[in-house]
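What follows is a single structure, written as structure tokens, with notes after it.
Chain identifiers are assigned alphabetically (A, B, ...) following the order of the sequence lines, protein sequences preceding nucleic acid strands; residue numbering begins at 1 within each chain.
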There are 2 protein chains.
Amino acid sequence: MELSDSNASAIAERFKALGEPMRLRLLQALRAGECSVGDLAERTGGGQANVSKHLQVLLQQGYVDRRKEGTTSWYRITDPQVFTMCELVCGGLEEELDRKRKLLRRRKP
Amino acid sequence: MELSDSNASAIAERFKALGEPMRLRLLQALRAGECSVGDLAERTGGGQANVSKHLQVLLQQGYVDRRKEGTTSWYRITDPQVFTMCELVCGGLEEELDRKRKLLRRRKP
DNA sequence: TTCTTATATTACCAGATAGTTGTGTAGCGA
DNA sequence: TCGCTACACAACTATCTGGTAATATAAGAA
């Protein structure tokens with residue numbers, strides 16, 4: 001798929017959904033397996049409403065799936081490839097840190 | 001690298017930098033090779049100041065690098081792995097579209 | 001029914017962000 | 001020197017977004 005103007009927005013939306021610390025923490029928590037909203041609120045230290053709202057974003061972008069059981073909503077990762085992306089970006093982060101360390105060393109020899 | 005609370009923000013910043021259509025278009029334009037700000041403004045149809053500002057974001061996150069020559073700034077991709085990420089997210093996008101198409105079919109049989 | 005639990009939704013506010021306009025700055029040719 | 005070009009930066013505005021509090025919904029227990 002090429003990055004045409006029309007789908008640049010759709011791709012950006014998917015990246016934007018991952019561009020939030022709380023949502024990354026939610027995905028990280030879900031890595032252990034299916035969780036309820038309450039579980040996730042406890043694990044991430046977030047408020048119930050806030051966690052629920054962030055989960056809607058992840059749900060809409062298809063990163064997670066939902067299963068209802070009584071009054072409980074169980075969320076789970078739909079596509080583990082999201083962690084491949086995290087690892088890629090982590091690799092870039094390492095390189096970026098190295099680059100910045102070198103710049104600092106060059107400025108303060 | 002694990003997704004601890006401390007670096008969740010750093011990782012999110014890197015995703016957030018890609019969560020903008022104009023910045024994706026800039027990267028796409030740079031895929032052809034080194035470009036000046038003027039080139040990029042023309043290719044993306046953005047204003048000079050806006051393009052320059054978005055380039056700072058990509059520069060700070062280490063996605064692009066800059067080389068100055070006279071009054072011209074030449075930008076280029078530093079890490080082509082960003083396109084691997086785009087392809088991953090595009091794959092997810094395809095699956096997501098399929099999923100939504102199936103949902104529509106289920107609702108309107 | 002009434003109470004409790006679990007989640008979603010709404011309204012609101014403070015802070016962030018994209019885009020534009022105008023200005024500053026640096027290099028270069030006339 | 002005086003423009004002219006290319007870019008960066010600051011200020012401003014409209015819009016968006018994260019967090020919270022309050023409310024709505026819905027299921028089950030008492």
Side-chain angles (χ1 to χ4, degrees), chain A residues 5-6 8-30 33-76 103, chain B residues 5-6 8-30 33-76 103:
Chain A
D5 291 358
S6 62
S9 296
I11 301 172
E13 283 301 308
R14 285 184 69 82
F15 277 123
K16 198 187 292 181
L18 301 180
E20 233 290 323
M22 171 60 85
R23 287 197 284 267
L24 290 180
R25 289 204 299 271
L26 289 171
L27 290 172
Q28 173 73 2
L30 285 169
E34 211 175 33
C35 290
S36 68
V37 178
D39 292 342
L40 292 169
E42 192 181 357
R43 291 191 192 196
T44 61
Q48 177 265 323
N50 196 28
V51 166
S52 179
K53 211 161 67 169
H54 282 299
L55 285 170
Q56 304 315 305
V57 177
L58 294 173
L59 185 64
Q60 206 206 330
Q61 289 300 321
Y63 287 118
V64 302
D65 201 355
R66 180 174 55 187
R67 174 176 70 86
K68 296 208 175 189
E69 191 182 60
T71 66
T72 305
S73 286
W74 295 96
Y75 285 87
R76 60 184 169 83
L103 281 177
Chain B
D5 290 358
S6 61
S9 297
I11 301 173
E13 284 300 308
R14 287 184 66 83
F15 277 123
K16 198 187 292 182
L18 301 180
E20 232 290 323
M22 171 61 84
R23 288 198 283 268
L24 290 181
R25 290 204 299 269
L26 289 171
L27 290 172
Q28 173 73 3
L30 285 168
E34 211 176 33
C35 290
S36 69
V37 178
D39 291 342
L40 292 168
E42 193 181 357
R43 291 190 192 197
T44 60
Q48 177 265 321
N50 196 28
V51 166
S52 178
K53 211 162 67 170
H54 282 299
L55 285 170
Q56 305 313 306
V57 177
L58 294 174
L59 184 64
Q60 205 206 332
Q61 289 300 322
Y63 287 119
V64 302
D65 202 355
R66 182 173 54 186
R67 171 176 72 87
K68 295 210 177 187
E69 191 184 59
T71 64
T72 306
S73 285
W74 294 97
Y75 285 86
R76 61 185 170 80
L103 281 177

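Spacing between atom CZ of Arg23(A) and atom C1' of dG19(D) amounts to 12 Å, rounded to whole angstrom units. Distance, His54(B) NE2 to dC7(D) P: 16 Å, rounded to whole Å. Spacing between atom CG of Asp39(B) and atom C1' of dT5(D) amounts to 14 Å, rounded to whole angstrom units. Spacing between atom CE of Met22(A) and atom P of dA16(C) amounts to 17 Å, rounded to whole angstrom units. Going from atom CG of Leu58(A) over to atom C1' of dG18(D) covers 14 Å, rounded to whole Å. Rounded to an integer number of Å, the gap from CG of Asn50(A) to C1' of dA8(C) is 13 Å. If you measure from atom CD of Glu13(A) to atom C1' of dT17(C), you get 14 Å, rounded to the nearest angstrom. Going from atom CG of Leu55(A) over to atom P of dA8(C) covers 7 Å, rounded to whole Å.
Between Lys16(A) and Gly70(A), the residue whose closest nucleotide on DNA chain D is further toward the 5' end is Lys16(A). Both Lys53(A) and Arg66(A) lie near DNA chain C, and the one whose nearest nucleotide falls closer to the 5' end is Arg66(A).
Nearest to the side-chain atoms of Val37(B) among the listed nucleotides dC7(D), dT20(C), dA8(C) stands dC7(D). Among the nucleotides dA8(D), dT9(C), dA26(C), the one closest to any side-chain atom of Thr71(B) is dA26(C).
OP1 or OP2 of dC7(D) sits under 4.0 Å from a side-chain N or O of Ser36(B). Phosphate proximity of dA6(C) to Tyr75(A): absent, as no side-chain N or O sits under 4.0 Å from OP1 or OP2. Ser73(B) has no side-chain polar atom (N or O) that falls below the 4.0 Å cut-off from OP1 or OP2 of dA6(D). Dashed line: the shortest gap from a side-chain N or O of Thr72(B) to OP1 or OP2 of dA6(D) is not under 4.0 Å.
Heavy atoms of Glu20(A) sit under 4.0 angstrom from primed sugar atoms or phosphate atoms, though from no base atom.
The base of dA8(D) is not paired with the side chain of Gln56(B) by any donor and acceptor separated by under 3.5 Å.
A side-chain contact (heavy atoms from CB on, under 4.5 Å) with Met22(B) is found for one member of Thr44(B), Leu40(B), Val57(B), Leu27(B) and no other, namely Thr44(B).
Ala8(B) and Leu24(A) make their closest contact through O-CD1, 3.5 Å (heavy atoms, listed as atom of the first residue, atom of the second, distance). Of all heavy-atom pairs spanning Arg43(B) and Ala29(B), the tightest one is NH1-O, 3.6 Å.
Residues Tyr75(B) and Leu58(B) have side chains not in contact (no heavy-atom distance under 4.5 Å, counting atoms from C-beta outward). Tyr63(A) is listed as a side-chain neighbour of Arg14(A), based on a closest heavy-atom distance under 4.5 Å.
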